[in-house]
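Taking it in order: structure first as structure tokens, then the write-up.
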Amino acid sequence: MNEAPKPLPDNVDGEHALALFTEMVRVRRFEEKCAEMYSKGAIRGFLHLYIGEEAVGTGIMQSVAPQDAVVATYREHGHALLRGIPMNVVMAEMFGKQEGCCRGRGGSMHLFDKDTHFIGGNAIVGGGMPVAVGYALAASMRGQDAVAWCIFGEGAMAEGEFHESMNLAALWQLPVVFCCENNFYAMGTALERSESETRLVEKARSYKVTAEVVDGMDVLATEAAARRAAESTRTGNGPYFIEFQTYRFRAHSMFDAERYRCREEVHEHELHGPLRIFAARLQASGLLDDEKRAALEAEIAAEIDAAVAFAEAGTPEPVGELTRYVYSEAHV
Amino acid sequence: MNEAPKPLPDNVDGEHALALFTEMVRVRRFEEKCAEMYSKGAIRGFLHLYIGEEAVGTGIMQSVAPQDAVVATYREHGHALLRGIPMNVVMAEMFGKQEGCCRGRGGSMHLFDKDTHFIGGNAIVGGGMPVAVGYALAASMRGQDAVAWCIFGEGAMAEGEFHESMNLAALWQLPVVFCCENNFYAMGTALERSESETRLVEKARSYKVTAEVVDGMDVLATEAAARRAAESTRTGNGPYFIEFQTYRFRAHSMFDAERYRCREEVHEHELHGPLRIFAARLQASGLLDDEKRAALEAEIAAEIDAAVAFAEAGTPEPVGELTRYVYSEAHV
Amino acid sequence: MNSTATEGMREITYREAAREALHEALTNDDRVFLMGEDVGRYGGSYAVSLGFLDEFGPDRIRDTPLSESAFVGAGIGAAIGGMRPIVEVMTVNFSLLAADQIINTAATYLHMSGGQFNVPLVIRMATGGGLQLAAQHSHSLENLYAHVPGLKVVVPGTVEDVRGMLLTALADPDPVLIFEHILLYNRKGVLPVQAGAVDIDQARVRREGTQVSLITYGGSLWKCLDAAEVLEQQGIDAEVLDLRTLRPLDDASIMATVTKTRRVVIVDEGWRSGGISAEITARIHEQAFYELDVPVQRVCTAEVPIPYAKQLEEAALPQVSDIVAAAQRVVNGHG
Amino acid sequence: MNSTATEGMREITYREAAREALHEALTNDDRVFLMGEDVGRYGGSYAVSLGFLDEFGPDRIRDTPLSESAFVGAGIGAAIGGMRPIVEVMTVNFSLLAADQIINTAATYLHMSGGQFNVPLVIRMATGGGLQLAAQHSHSLENLYAHVPGLKVVVPGTVEDVRGMLLTALADPDPVLIFEHILLYNRKGVLPVQAGAVDIDQARVRREGTQVSLITYGGSLWKCLDAAEVLEQQGIDAEVLDLRTLRPLDDASIMATVTKTRRVVIVDEGWRSGGISAEITARIHEQAFYELDVPVQRVCTAEVPIPYAKQLEEAALPQVSDIVAAAQRVVNGHG
Ligand SMILES: Cc1ncc(C[n+]2csc(CCOP(=O)(O)OP(=O)(O)O)c2C)c(N)n1
Ligand SMILES: Cc1ncc(C[n+]2csc(CCOP(=O)(O)OP(=O)(O)O)c2C)c(N)n1
Ligand SMILES: [Mg+2]
Ligand SMILES: [Mg+2]
């Protein structure tokens, strides 16, 4: 970063900007703690970290209204936290405890929350897309002003379910915002080896869906794009597609040896990471200094420590409960 | 048809034009005979007629080289005949006889022929697309100059397999010609109720695939488009997509009551049917007259009668043979 | 079980009964809608929803593009979103395109979410052979789904069941798959004038008998009843048990008939290996081991993709004569 | 079966054995290529094909986009076109996205075409649970495919089989599905220095015994061998039969062990209802009815989507203690 950081534009509220930053740091620190807990064996299974991509989820969630639904992937801790699922129950879920948001049945890849209409946590790539379309269909048939926010990686766009879901949403003019987190890799497969047309917005446009591409490392840009999408979608203009260009700083999962990219490439992106650039701008605008930063970090650390303590103290779901929730317990 | 029919362009060889016409009439009469045989109960199951769409298959097949493969749908009698599968064995197949090209196991929807690399006859909408891509992959890996001609209806374009197959073919620059027979209906579903973007070429282009739309009622146009596609594909330019705009004059299958369109709409298209317009042009060019037409019809009628006789005289595959061809009989 | 209307009863086809149930559901519950390929303008590929588009409008009778995975998955999302979708998949073979949504999503959401998100989704599909539709339109794949916890699988064989089970399925909080056999749509049966929802927990004896139990479901029910007639003329008194639901199976009713007759033939249009008849055989073996004098016989579809030619298709599918022969074998003591 | 290398033998992991087989096939036959998600640059999600991209190049080690249906279907087309593709589907759950191509196309082409087009396609997938990967990555769905005529289903449990079966599958003219259990990749075993293709027609006795037969396959093989050790200490002499192939099943070997021990436990990581263990139970019931004194016991996965939490996952999957308990029950005469 040779250029001097730009101060924030005038129309951005300082407190709000600081809140965005805090959210991003909160997700980052949480993920770091997850990695630590994974190496200690407290978290198991597959673990996919969101580190590097925090500006995307943070920007999106600013426009997600209480009545909206979010359908995410296996890389969804950040989205879950940003959506407002308490950190305690997210951490407890990853520890496989009864106090977890899914009573330990879902784990890292399958976070769910009824209160915030967080419908997973889906570990089948592309699998959440039709679900999001259906949720939007229900909302539109019931005359509710709810939007379905469908979050997925660029790798998912090669799946047939992307195609079918885009078409249905566009044909029926449903309130779905398709949020593509383009981190340029699907596991070890780079975008140009997964798509013949790498300008992803062209795909969305081929369904007559309004589409834009945005810098996913700039939280103000992601926030603004999500706001445009929400406005368009809520006023009945049908689905909207946003490509957020971002980058994953960590391995795909804890099993990935990262043979498909070099350290320099990652490092280059880290230099322009979402926390780093936004912190610099906040500083340039006089909104953040070392003291403030330390205070904010301390507060987050305390929350995370409390979440770990909560998760550690949690109860393993008794084995006798194994067959619960295969079918509903009472007719609804 | 108020306008006077245009004579053929000068660069069209008269004999060739007459051959094209004969091919189309042959398919038409064959299909009419199939309908008759169906009402007599000699053909059963689902029967999908190609009547109205003859110019498409006829045009395509002019560019299909001996080493090429064809992957078609359940509406494939025309393609099978045009590709050179003898009429006798096609008719015998529909009669369910041992002499049929699939020994009576496939029927109308599943015609296959090893000699001409006719790989079905697939009754899963979209199901043949990945197969065509794979065939082209084999050809390209083996250094063969073979093209896979993948024929499907516009309804199939909504399936995820279309999306995935286009992307694979484009990404790997495979010699596949995607031939969309757009007859504007998928069973009873009109194109505008099946696709948010009805300009189908836009879809192909979103994979960076060369695409064109052509009048599928004009056999010279379809032939020329297929020729362009073959040239492009054979010279290593990757896949090619053609939308042939056509119309189905008959019901979707013999079970269809055609409640989704009115008689007038069908009639309007019949007036501009591929046989009718091409016959008029041939006449205008002095290549066809009543006598020639009658001779040509008589020859075709004789071939069809012979095919029916062949099929009627065929042997029902013995029930003892039921379990043959579930697995191969000898290692190859 | 015969088709003459008596007092308080009326004669009706299976198609008409399915249609009535849909009509009732659409009329009584705003949350119900029907979605699938050609359910609207075409009238349904088996004409079950003919005329519904005019009556209920395109919002609730929703023609979909060819995209099984997305519209089945959209059914899941709509169910979670508070609707009561009925998704029609034309033919069970095509449901394989939606297998991911059904098995990886619909069946797992309640469990993965720790009980938070149930999926009140109904999926109807046509199943079975007998119309010479060949290997991509004639299979009986219901057992693939009956293997999967989280799903319920019902197989109405009668007009009463095809009418009632839809209503029961709609009232169920979890995903229910309804398999309608293609040969039944034109079949007539009698129905109480006041027909309504029916239980989906219990198998039902469709014909009482003492010497052999024919255990079956769906399209094969009628072949078993015909076989029972033939057997009667031969002096063999057969009981016919209609399973009605393949997941969960009603063990108690199965064991009751087994204990009564001590001789069992299972008739199932799925392929033999790994089919539902294997599961029933295994359960009988486990739960009624000491009740049987001869082993259970399975009459299933031959292990071939269903061929087109009439004589081959007939040879592939279970026929009345096969059932009769199997019953004779068990009654005569050589299983 | 123990893992100490003896003369002419060498110790190797299951992963390494799978890798050797792939390497040999790629080296010896130009028509062979490997295709799937992340088989190239990433090195294979279970690292089986690590380094192959450099050695064989991107044409033959072909990373695919996420599009299971298309690349499995492309395998079918390539097989018909004269190649010998090996398609890797990362995990059996994802294969549901390709179920249409596998079941409606690969399994039917030879038959529908009256014998003209065979499909020499090999599909490998990882299966099974035990790594806390939860409900969308842990299932054992091999029985879904074992139900389908036209397919062959093999389930290598040993290093010799994972090495040899790939070669046999490649020589087979018809589609063969290979299921590799995720817990086996790191397991070591011994292999003859001159290892090669192995038959895929016959089950194999992995441990001789006289009092009870443990019939199993894949990942559960090792649990059964461990259980047999425990049983031995309790004075119970167990035989362990490794099925090796689920379609077609080797009835003769099954009946041989049943006749020998007259007591059977089937161990299968699939869900109990409608799983392969039901089919085996049914066949034993049909073919060895008079050989058994007590009914067969099935030890299967509980009928739940596999949960994440360790204690729940363990409770869901068959464990050594469950097998031991089942064997004790049959040996003590109450099945
Ligand atoms: C249907 C399916 N196929 C394959 C996988 C294995 N897999 C998990 S994540 C992943 C890469 C997805 O990449 P992308 O969509 O770009 O999301 P990202 O992980 O980069 O956030 C793959 C191949 C899966 N979970 N589901
Ligand atoms: C996967 C699948 N879904 C549904 C069907 C039933 N079906 C057969 S043909 C057809 C319409 C296909 O339309 P189109 O692709 O336009 O071809 P056309 O029949 O017009 O030639 C449908 C819905 C099927 N055979 N396969
Ligand atoms: Mg990605
Ligand atoms: Mg069409």
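Chain identifiers are assigned alphabetically (A, B, ...) following the order of the sequence lines, protein sequences preceding nucleic acid strands; residue numbering begins at 1 within each chain.
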Are a donor atom and an acceptor atom from the side chains of [X] and [Y] found within less than 3.5 Å of each other?
| X | Y | result |
| --- | --- | --- |
| D:Glu303 | D:Ser273 | yes |
| C:Thr127 | C:Glu142 | yes |
| D:Thr281 | C:Arg283 | no |
| C:Gln297 | C:Arg329 | yes |
| C:Tyr145 | C:Ser95 | yes |

Below 4.5 Å, heavy-atom pairs only: which of D:Met112, D:Arg298, D:Gln136 has the largest tally toward chain C? D:Arg298

Using a cut-off of under 4.5 Å for heavy-atom pairs, which of D:Ala134, D:Gly114, D:Gly275 has the most such pairs with chain C? D:Gly275

C:Pro318 versus C:Glu269, closest heavy-atom pair with distance: CD-CG, 3.9 Å

For D:Leu110, which atoms come within 4.5 Å of any heavy atom of chain C: side chain, backbone, both, or neither? neither

Sort by residue number and list every member of residues 98-108 of chain D having a non-hydrogen atom under 4.5 Å from chain C. D:Ala99, D:Asp100, D:Ile103, D:Asn104, D:Thr105, D:Ala107, D:Thr108

Test your reading of the model: is there a side-chain donor-acceptor pair from D:Trp271 to the backbone of D:Cys300, 3.5 Å cut-off? no

Side chain / backbone / both / neither for [X] at chain D, heavy atoms under 4.5 Å:
| X | answer |
| --- | --- |
| C:Ile276 | neither |
| C:Leu246 | neither |
| C:Arg247 | side chain |
| C:His285 | both |

Which of C:Asp293, C:Ile280, C:Ile306 touches chain D most, by non-hydrogen pairs under 4.5 Å: C:Asp293

Among C:Ala278, C:Pro248, C:Pro307, C:Ala302, who wins on heavy-atom pairs under 4.5 Å with chain D? C:Ala278

Are D:Ile254 and D:Leu243 close enough that some pair of their side-chain heavy atoms sits under 4.5 Å apart? yes

Under 4.0 Å between a Lys/Arg side-chain N and an Asp/Glu carboxylate O for D:Arg272 and C:Glu279? no

C:Ser220 side, atom OG; C:Leu317 side, atom CG - distance, nearest 0.5 Å: 8.5 Å

